[in-house]
Amino acid sequence: MLENLVATAGALGKTVKADALTYVEKGYHRFKLYAPRMLAALDIMEANVAELLLTATDVIRNKQDIPSRSAPFLKPQSKWRGHLRNPESNRDRLWVVAVMFHLREAFRSGDIWLAHSRRYSDMKQALVPVEAAQTMGLSMPLEPEVWLADRRQRLEDGLHRLAMAVKNGTLPGDVIEDGRLRVERLEADVPAEADSLILDLYRSLPEVRITDILMDVDNDTGFTDAFTHLRTGVPPKGKLGLLNVVLAEGLNLGLSKMAEVSSTHSFTQLARLSNWHVESEAINRALATVIEAQARLPMAQHWGAGETASSDGQFFPTTRQGEAMNLINAKYGHEPGLKAYTHVSDQYGPSATQVIPATVNEAPYILDGLLMNPTGKRIKEQYADTGGFTDLVFAATSLLGYLFIPRIRDLPSKRLHVFDRRSVPVELRDLVGDKIREKTIIANWPDVLRCIATMLSGRIQPSQLLKKLAARPRQHDLAIALREIGRVERTLFIIEWALDTDMQRRANIGLNKGEAHHALKSALRIGRQGEIRDRNTKGQHFRIAGLNLLTAIIIFWNTKQLGAAVAQRKRAGLDTPAYLLAHISPLG
C-alpha cells in the first residue's frame with residue numbers, strides 16, 4: 001500500500017513539474033465561486049504600490065470582462081507575464097489566478113490591509129506619528145538627503161582607504177582573492193603573566209558559602225529592598241527567608257528542596273515570601289541595584305567604562321511537558337529547550353535577559369536589551385555573535401546611535417553595496433553587489449523616522465517590530481527601505497572591520513565575556529538536572545531572571561574581593577600593573 005502511494009506521489013510531482021500551468025488553471029473553478037463574494041465583503045485598504053492590483057480585483061468583484069492584453073499589476077520581471085503570453089493557456093483563467101495570487105502576497109507584505117483585522121491590519125497605524133517623531137530628538141537626521149550625503153561621503157572615503165590598503169599590501173591580516181574578502185582570525189592578545197596573576201588573586205579570596213555571599217552583597221547594596229510586598233509595598237521583615245527564595249530560584253532547586261535543607265524556614269513560609277514579594281519586576285529592580293553598585297567598585301573600572309556590551313543566547317533544556325515541546329534546535333541536540341538571550345556589559349554586569357524559543361533568530365532581540373533598561377541606553381558599542389548579522393539590525397542600531405559590531409559568519413560571501421558603481425576603485429569592483437536604492441529610502445524616510453521613534457518610545461518592543469518587518473514573504477516597503485539603509489551600514493562596517501584589527505579584538509573580548517557568563521550560569525544551574533521545568537512562559541522567564549540575579553550577586557562579590565586582593569598586593573609591595581588587571585575576570 002505504502003509503495004503504491006509513494007509511486008503515485010512521485011508521478012504526480014513529475015506531472016506538476018512538467019506542466020504546472022495545468023494545475024494552476026484547475027484552481028480557477030474555486031476562485032470563480034468565492035472570489036467575487038469575498039472581495040465584495042472585504043474593505044481592503046491599499047498603499048500606492050498596490051493601487052493597480054486593487055483595480056484588477058475590481059474586475060473580478062464586478063464580474064467584468066477580463067482585459068485582453070493588460071496586466072499592469074505585474075512587475076516587469078514577473079514569471080506570470082510569460083505564462084499569460086503562452087498561446088496554449090487559457091488566459092482569462094490564468095489572469096484571475098494571477099490576481100488572487102498577488103492579492104495574497106500583498107496581504108502578507110502589508111501593501112494592502114484590512115482596517116479591523118488583527119492579523120492583516122496596517123502596521124504603520126501602530127507607529128508613532130511623524131510629527132511626534134520629529135520632536136523626540138532622534139540621533140538620525142530628519143531629512144533623508146542629509147543622511148544620504150553623509151553616508152555617500154563616508155562610503156567614498158572608506159572604499160578609497162580599503163583600495164589603498166589592498167594596492168599597497170597593507171591590509172592587516174586580510175586578503176582579497178577571487179572577488180572575495182577573507183579575514184584571518186586574530187591570535188589571543190593576553191600577556192603570559194596575566195594567568196599567574198589570576199591564580200594568585202583567586203587564591204587570596206576567602207572561602208565562603210554562597211549563602212554568606214548573598215548576605216554580604218545585600219549588606220553592601222540593599223538589593224532585597226527591591227522585593228516589596230505586592231499589596232502594601234513594604235520590604236520583607238526577615239531578609240534571610242527572602243535570600244533563601246532568591247537562592248532557590250537562582251540554583252533552579254525550587255522551594256520544596258530549599259525548605260528541606262533550610263533550618264530556618266518551612267516550605268509554606270518560603271512560598272508565602274515568593275508569592276507576595278518575588279516577581280519579575282522586583283527581580284529586575286534588584287538586578288539593576290546590584291549592577292549599578294558593581295559598576296562603582298574600583299576594580300570594575302579596569303574592565304571598561306560601561307559603554308560597550310555583548311549579547312548572546314544560552315540554551316537551557318526543558319521537559320517535554322513544558323511549552324517548549326517540539327522547539328528543538330539541532331545545534332543543541334535532539335532535546336527540546338529554550339534560550340536565554342542576555343546582554344553583558346564590558347564590566348561583566350548582566351544588564352538584561354529575555355527568554356526566547358530555541359529555534360528563532362536572535363537578531364531582533366538585540367535592541368530590546370539596549371532600549372528596555374537604563375543600563376542598555378548608556379551603551380555605545382554593541383557586540384553580537386553571528387546570529388545578529390542582519391541588515392534590519394544594522395539599520396536600526398545605526399539610526400538609534402549605536403555602533404553595531406557583530407561577528408561575521410561567512411564574510412567572503414558578503415558583498416559591498418554602493419551608491420555609484422562607477423566610482424568604486426578597480427581593486428574592489430569584484431566585491432561590489434547591488435546598488436543602493438536611494439529613491440526607496442527617500443520615499444519611506446518619514447515611516448523610517450516613525451519606526452525608530454516607536455522603538456525608542458517603548459510603544460512596541462523592538463523585537464516585535466523587527467520580526468514583523470522581516471517575516472513577510474514579500475517585504476513591506478518600510479522593511480525594504482530599512483534593508484537598504486542596513487546595506488549601507490553593513491558595507492561601512494565591513495570596510496572598518498577589514499582595516500581595523502583593534503575593532504576585531506574589542507569584539508572578540510566582548511563576546512568572550514558573554515561566553516564566560518554562560519559557563520558560570522551552567523555551573524550554578526544545579527537543580528532539576530539543569531532543566532527548566534516550568535510549563536508556561538512566565539514561569540520560565542522567572543527562573544532565568546532568578547539565575548541572572550544570582551550571577552550578578554556573585555560577580556559583585558568577586559569584583560569587591562578581587563579589588564581587596566589587589567590592594568593587599570600593593571601594600572605588600574608587589575607590582576600589579578593596570579594593563580594586567582584588564583584581563584582579570586570576576587567570573588571565577
Side-chain angles (χ1 to χ4, degrees), residues 201 205-230 233-251 258 264 270 273-274 276-307 309 342-353 369 372-379 513 517 520-521 524 542 544-567 584-588:
L201 290 176
L205 263 61
E207 292 188 3
V208 62
R209 297 186 303 177
I210 195 167
T211 50
D212 295 328
I213 289 178
L214 268 69
M215 295 185 70
D216 288 348
V217 175
D218 186 47
N219 290 334
D220 290 336
T221 66
F223 72 86
T224 54
D225 291 340
F227 295 96
T228 55
H229 194 282
L230 290 176
V234 177
K237 295 179 180 179
K239 293 187 176 181
L240 183 59
L242 181 63
L243 293 177
N244 279 337
V245 174
V246 171
L247 184 60
E249 301 298 347
L251 296 180
M258 181 58 69
T264 58
L270 293 179
L273 283 167
S274 178
W276 285 104
H277 290 273
V278 184
E279 42 87 28
S280 294
E281 288 300 320
I283 293 176
N284 290 338
R285 292 195 298 269
L287 177 65
T289 299
V290 174
I291 289 176
E292 290 173 7
Q294 187 261 351
R296 293 192 295 266
L297 293 174
M299 189 66 186
Q301 310 310 310
H302 293 285
W303 303 323
E307 295 182 345
T342 306
H343 285 66
V344 179
S345 76
D346 51 13
Q347 295 174 324
Y348 290 93
S351 59
T353 188
M372 305 302 281
N373 70 84
T375 303
K377 293 179 180 179
R378 294 195 294 268
I379 298 301
K513 289 180 180 180
H517 248 269
L520 175 57
K521 288 179 178 178
L524 292 173
F542 188 79
I544 296 297
L547 175 59
N548 213 37
L549 175 59
L550 182 59
T551 304
I553 290 169
I554 293 173
I555 289 169
F556 176 94
W557 191 87
N558 278 349
T559 303
K560 180 182 176 182
Q561 295 299 327
L562 288 169
V566 170
I584 307 302
S585 164
L587 299 172

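The figures that follow rest on heavy atoms only: side chains count, while hydrogens, waters and symmetry mates do not. The structure presented is a predicted model; accordingly, all values stated were derived computationally and were not measured.
What you find for Lys521 and Leu547 is that their closest heavy atoms are CB-CD2, 4.0 Å. Across all non-hydrogen atoms, the minimal contact from Pro350 to Thr342 is CB-CG2, 4.1 Å. Contact record, Pro206 with Gln561: CD-OE1, 3.6 Å, taken as the closest heavy-atom pair. Shown here for Phe223 and Leu214, the closest heavy-atom pair between the two residues is CE2-O, 3.9 Å. Residue Leu205 comes nearest to Ala565 through the heavy atom pair CD1-CB, 4.4 Å, listed as atom of the first residue, atom of the second, then distance. When all heavy atoms of Ala295 and Gln347 are compared, the pair lying nearest together is CB-OE1, 3.2 Å.
At a threshold of 4.5 Å between non-hydrogen side-chain atoms, the residues Ile554 and Ile210 count as touching. Between Asp225 and Lys239, the closest side-chain pair of non-hydrogen atoms falls below 4.5 Å. At least one side-chain heavy atom of Leu201 sits under 4.5 Å from a side-chain heavy atom of Val566. In this structure, the side chains of Lys513 and His517 stay at 4.5 Å or more apart for every pair of heavy atoms. Val278 has its side chain within reach of Phe542: a pair of non-hydrogen atoms, C-beta onward, lies under 4.5 Å apart. Side-chain atoms of Phe227 and Val246, non-hydrogen and from C-beta on, do get closer than 4.5 Å to each other.
From Arg296, atom CZ reaches atom CZ of Phe556 across 8.5 Å, with rounding to the nearest 0.5 Å. Here Thr264 contributes atom OG1 and Asn244 contributes atom CG; the two are 5.0 Å apart, rounded to the nearest 0.5 Å. How far CG of Leu587 is from CG of Asn558: 7.5 Å, rounded to the nearest 0.5 Å. Here the straight-line distance linking atom NZ of Lys560 with atom CE of Met299 works out to 15.0 Å at 0.5 Å rounding. Taken from CG in Leu549 to OG1 in Thr289, the straight-line distance is 9.5 Å, to the nearest 0.5 Å. Separation of atoms CG (Leu297) and CG (Asp220) is listed at 8.0 Å; rounding is to 0.5 Å.
Using modelled atom types, one side-chain atom of Asp346 and one backbone atom of Gly306 make a donor-acceptor pair closer than 3.5 Å. Without hydrogens or angle criteria, Glu249 side chain to Ser274 main chain gives no donor-acceptor distance under 3.5 Å.
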> After noting the C-alpha distance and the side-chain angles of Ile291 and Ile555, does the key distance pass the side chain to side chain contact (heavy atoms under 4.5 Å, CB included) rule?
Replying inline: CA-CA 9 Å; Ile291 289 176; Ile555 289 169; over 6 Å; no
>> Quick one, Thr375 with His343, criterion side chain to side chain contact (heavy atoms under 4.5 Å, CB included). Give me CA distance, side-chain angles, the key distance, then yes/no.
In response: CA-CA 10 Å; Thr375 303; His343 285 66; over 6 Å; no
>> Between Leu251 and Leu524, is the side chain to side chain contact (heavy atoms under 4.5 Å, CB included) condition met? List the steps.
In response: CA-CA 6 Å; Leu251 296 180; Leu524 292 173; 4.3 Å; yes
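Sorted by first and then second residue, the ring pair (Phe, Tyr, Trp, His ring centres under 6.0 Å) pairs with a member in residues 280-304 read Trp303-Tyr348; sequence neighbours excluded.
Annotation for Met372: atom CE counts as buried by contact number, over 12 foreign heavy atoms lying within 6.0 Å.
Relative orientation of the His277 and His229 rings is perpendicular, given thresholds of 30° and 60° on the angle between their planes.
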